[in-house]
2 protein chains.
Amino acid sequence: MSELNLEAAACACAAEIMGTLPLIMRTIGAEMHRRHGTELSAPQFHALRVIEKHEGASLSFLARHLASGLPSASKLVDGLVDRSLVARVTAPADRRRVLLSLTPPGRAMLEAFHQEAVTYLSTHLESLTDEEQHAILRAMSILRRRFALNGDMGCPGAPQQGATA
Amino acid sequence: MSELNLEAAACACAAEIMGTLPLIMRTIGAEMHRRHGTELSAPQFHALRVIEKHEGASLSFLARHLASGLPSASKLVDGLVDRSLVARVTAPADRRRVLLSLTPPGRAMLEAFHQEAVTYLSTHLESLTDEEQHAILRAMSILRRRFALNGDMGCPGAPQQGATA
DNA sequence: TATTGTTATACTCTATAACTATA
DNA sequence: TATAGTTATAGAGTATAACAATA
C-alpha cells in the first residue's frame, strides 16, 4: 500500500499543479499584454529565450524547444528577423542549416520583457514570509530538475540522432 | 536593508518561477498535443474549465477569465457549441446575455483530458520523496492564494461594476 | 444612452503537404 | 536517398472596429 500512497500523493501534487500553474501563466500573460499589446507575443518571447540560451541554434533545435513544427518555427523566425530581433545566417559547415542568434535590439527587448515580468511577479510575492518564499524556491528547484529537457534535446545546431530512443 | 532583502528575495522567487513554469506548461501541452492532436486546444480546454467551475457563466465572464476580448470568446464558444461541448442559451432575465454550460459530452471530455494531464504529470513526480512532494504541495497552496482571481472577477452572469477601479 | 454579444476584417500561430537546396 | 529548411494552403485564436439587440 505504500506504493499506492506514493502514486496517490503524486497525483495530488499533479492536480495542484494543474490548478495553479495555468492561473499564474495567464496572470502574467494578461498583464504583459495589457502593458505592451501585441509588441511581443508569448511564442516570440519564448523563441527569443531559447535563442538567447542557445546562441547559434538551428531552426530544428528551436522547433523542438518550441514543441512546434519546422514550418511554424520558420514563420515565427521570419517575423523576428523582419523586426531585426534575430539574425539568421546559413551555417558554413552545412549550408542546409541556419544559425540563429539574437541581435542587440533582440537581446535588449528580451531582457526588458523578462525583467518586467519578473518585477510584476515579485509584487505578488513580496508580502510572503521568508519561509514561504523559501518553500517556493525549493519547489521550483525540484520541479525544474524533473522537467528539464533531457540532454538539452541535442546540440543547438546538430542533427537529431535518436534523442528519444 | 531588510526591506531591500525582502524585495530581492521576491525577485529571486519570481525569476525561478519564470524559469520553471513555462517549461512545465510546454511539457504538458506538447504531450497532450502528441496524444490528441488538435482535438482540444489549450484555449478550448481552459474555456471548458471555466464554464465547468462557473455553470451559467456569461460570455463576458468567460472572456475576463480567458484574459481575452469578447469577440475572441464568442468565436471560441462558437466552436465548442458546434461540437456540442457547450450549451449557449439566452438569459431569461436579461435577453442581451447568454448563459453558458457544459453538455454531458463536454463535461466528459474535460474530465478525460484533465485526468490524463494529471496522470501524465504525476509520472514526473512519483519518484520524488514525501518531503519533496509536500514542498511542492505547500508552494502550490501559497501561490494559488496569491494569484487567485480577486472576488472571482464578479458573479458569473452579472455585469461588471468597476472591478478594477 | 449604456450594455451584451455578434459580425467583419486582419494578423499571428500552427499544421500538413509539397517543394528546394544541400549532403 | 536523406536531411534542413521554405513555401503553399488551411484552420484556430485574438484584436479592433462596426453593428445589432436589449435594457
Side-chain angles (χ1 to χ4, degrees), chain A residues 26 29-30 32-34 36-47 56-64 66-83 85-86 88-100 154-163, chain B residues 26 29-30 32-34 36-47 57-83 85-86 88-100 154-163:
Chain A
R26 284 198 310 276
M32 293 303 283
H33 185 270
R34 192 187 66 74
H36 296 280
T38 58
E39 194 181 344
L40 199 63
S41 70
Q44 287 169 338
F45 178 73
H46 182 200
S58 70
L59 194 67
S60 300
F61 179 85
L62 176 63
R64 289 197 295 279
L66 259 38
S68 78
L70 270 171
S72 302
S74 183
K75 232 190 130 189
L76 188 59
V77 169
D78 279 348
L80 297 171
V81 170
D82 287 348
R83 291 166 61 191
L85 300 174
V86 165
R88 172 176 46 185
V89 303
T90 301
D94 182 346
R95 294 169 44 73
R96 290 173 303 181
R97 287 173 34 221
V98 296
L99 303 179
L100 302 172
C155 297
Q160 273 294 74
Q161 31 205 335
Chain B
R26 284 198 310 276
M32 292 303 283
H33 184 270
R34 193 188 67 73
H36 296 280
T38 57
E39 195 181 343
L40 198 62
S41 71
Q44 287 170 338
F45 178 73
H46 183 200
S58 70
L59 195 66
S60 299
F61 179 85
L62 176 63
R64 288 198 296 278
H65 275 257
L66 259 38
S68 79
L70 270 171
S72 303
S74 182
K75 230 188 128 190
L76 188 59
V77 168
D78 279 349
L80 296 172
V81 169
D82 286 350
R83 291 166 61 191
L85 300 175
V86 165
R88 173 175 46 184
V89 303
T90 301
D94 182 346
R95 293 169 46 73
R96 290 173 302 183
R97 286 172 35 221
V98 298
L99 303 178
L100 301 172
C155 297
Q160 274 294 74
Q161 29 206 338

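The basis for the numbers below is simple: all heavy atoms, side chains too, and nothing from hydrogens, waters or symmetry mates.
Among the nucleotides C:dC13, D:dT6, C:dT6, the one closest to the side chain of A:S41 is C:dC13. Set against D:dG13, D:dG5, C:dT22, the side chain of A:L59 has D:dG5 as its closest nucleotide. Comparing D:dT6, C:dT6, C:dG5 by their nearest atom to the side chain of A:P71 picks out D:dT6. Nearest to the side chain of A:S68, among C:dG5, C:dA15, C:dA21, sits C:dA15. Side-chain atoms of B:L76 lie closest to D:dG13 of the nucleotides C:dC13, C:dG5, D:dG13.
With a 4.5 Å cut-off on side-chain heavy atoms, B:L80 and B:Q44 count as touching. Looking only at side-chain heavy atoms (C-beta outward), A:R26 and B:H65 stay at 4.5 Å or farther from each other.
One interatomic measurement links the two molecules: CG of B:D94 to P of D:dA23, which rounds to 5 Å at whole-angstrom precision. When rounded to the nearest whole Å, the span between CZ of B:R96 and C1' of C:dT4 equals 6 Å. Nucleotide D:dT22 holds its C1' atom 12 Å from the CZ atom of B:R97, rounded to whole Å. Atom CZ in A:R83 sits roughly 9 Å away from atom P in C:dT12 (whole-Å rounding). D:dG5 atom P lies 7 Å from atom CG of A:L70, rounded to whole Å. To the nearest angstrom, C1' of C:dT20 lies 13 Å from CZ of A:R95. The distance from atom NE2 of B:H33 to atom P of D:dG13 is 11 Å, rounded to the nearest whole Å. Distance CG (A:D78) to C1' (C:dC13): 12 Å, rounded to an integer number of Å.
The side chain of B:S60 contributes no N or O atom lying less than 4.0 Å from OP1 or OP2 of C:dT4. Applying the 4.0 Å criterion to OP1 and OP2 of D:dT6, one finds that A:R88 has a side-chain N or O inside that range. Between A:S74 and D:dT6 there is a side-chain N or O to OP1 or OP2 distance below 4.0 Å.
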Kindly list each side-chain donor-acceptor pair under 3.5 angstrom involving residues 68-78 of chain B, sequence neighbours excluded, with atom names and distances?
residue : atom : partner : partner atom : Å
B:D78   : OD1  : B:R88   : NH1          : 3.0
B:D78   : OD1  : B:R88   : NH2          : 3.1

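For A:P43 and B:A73, each mapped to the nucleotide of DNA chain C holding its nearest heavy atom, the one lying further toward the 5' end belongs to B:A73.
Rounded to the nearest 0.5 angstrom, A:R64 CZ and A:L59 CG are separated by 10.5 Å.
Shortest non-hydrogen contact noted between A:T38 and A:H33 is CG2-NE2, 4.2 Å.
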